Amino acid sequence: GMGTGQDAAAESREMVALITQMLQSGLSPGAALGSVNSQLALTDRGGAVTVDLCELHPDCGRVWLYKWGAQPSILLRRKRSAAVGLGVPAGRESVSRIHMQPGDTLLLLSDGVSQKDAPKWAKFSSTTPPGALASTILKTDAATPDDATVVVVRMERKAKPS
């Protein structure tokens, strides 16, 4: 949800539940994103939400990033960082497709997290467990702790059968 604090957190949980229901009912991600702010407007709360939705197919590494007002995601590959998925003003959606390779790390960051340190994160991303990487990123933005979310997606190599 927009803003900070408990009201924004509650609104976020409500919108996540709504989007989850839409997706589980068979609605496409694009259609779900297109209707979530309309649903919110119908409730007369006058707010809007930003959405950062990642559809990952781990068997082949295909990723679709659906964004509604969210900032770009960061792909960390071979100790380099690249922004993927355009951030879009509220009221518009964007869909980007990328291909993740083994060893790649994808970061989905809320607007409370600065991307200025992405090159630094890329240097140690492949050796740092995802949870520790998320904690490190959040510590660099400790000024806004209740408005910061980091999701770390790591594409691992398949384990060889023994």
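One is the number of the first residue; the rest follow in order along the sequence. From a predicted model like this one, the values you see are computed outputs, not experimental measurements.
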Undergrad: Measure the OG-OH distance between S28 and Y66 for me, rounded to the nearest 0.5 Å.
TA: 7.0 Å

Undergrad: Suppose we screen for side chain to side chain contact (heavy atoms under 4.5 Å, CB included). Which residues come up paired with L108, at least two apart in sequence or across chains?
TA: D52, C54, S73, L106, V151, V153

Undergrad: Roughly how far apart are I98 CD1 and W64 CH2, rounded to 0.5 Å?
TA: 11.0 Å

Undergrad: Locate the shortest heavy-atom distance separating K67 from P72; write the atom from each residue and the value.
TA: NZ-C, 4.1 Å

Undergrad: Using the test side-chain hydrogen bond (donor to acceptor under 3.5 Å, both in side chains), find all partners of Q101 that sit at least two apart in sequence or belong to another chain.
TA: R78

Undergrad: Looking at residues at least two apart in the chain, or sitting in another chain, which of them share a side chain to side chain contact (heavy atoms under 4.5 Å, CB included) with K123?
TA: none

Undergrad: Could you go through L133 and R154, starting from their C-alpha distance and side-chain angles, then the distance that decides it, and tell me whether this counts as side-chain contact (heavy atoms from CB on, under 4.5 Å)?
TA: CA-CA 11 Å; L133 180 58; R154 169 98 25 89; 4.0 Å; yes

Undergrad: Measure the spacing between CG of L33 and CG of L23 and express it to the nearest 0.5 Å.
TA: 8.0 Å

Undergrad: Quick one: list whatever passes side chain to side chain contact (heavy atoms under 4.5 Å, CB included) with M155, sequence neighbours left out.
TA: L56, M100

Undergrad: At what distance, to the nearest 0.5 angstrom, does CG of L107 lie from CG of L76?
TA: 4.5 Å

Undergrad: Measure the spacing between CG of L109 and CD of Q115 and express it to the nearest 0.5 Å.
TA: 5.5 Å

Undergrad: Rounded to the nearest 0.5 Å, how far does OG1 of T149 lie from CG of L138?
TA: 7.5 Å

Undergrad: My understanding is that only residues two or more places apart in sequence, or in another chain, count here; which of them pass side chain to side chain contact (heavy atoms under 4.5 Å, CB included) with T20?
TA: V16, Q24

Undergrad: Just to verify, what does H99 make a ring-ring contact (aromatic ring centres under 6.0 Å, His included) with, not counting sequence neighbours?
TA: none

Undergrad: Treating Q71 as the side-chain partner and S110 as the backbone partner, does any N or O pair qualify as donor plus acceptor under 3.5 Å?
TA: yes

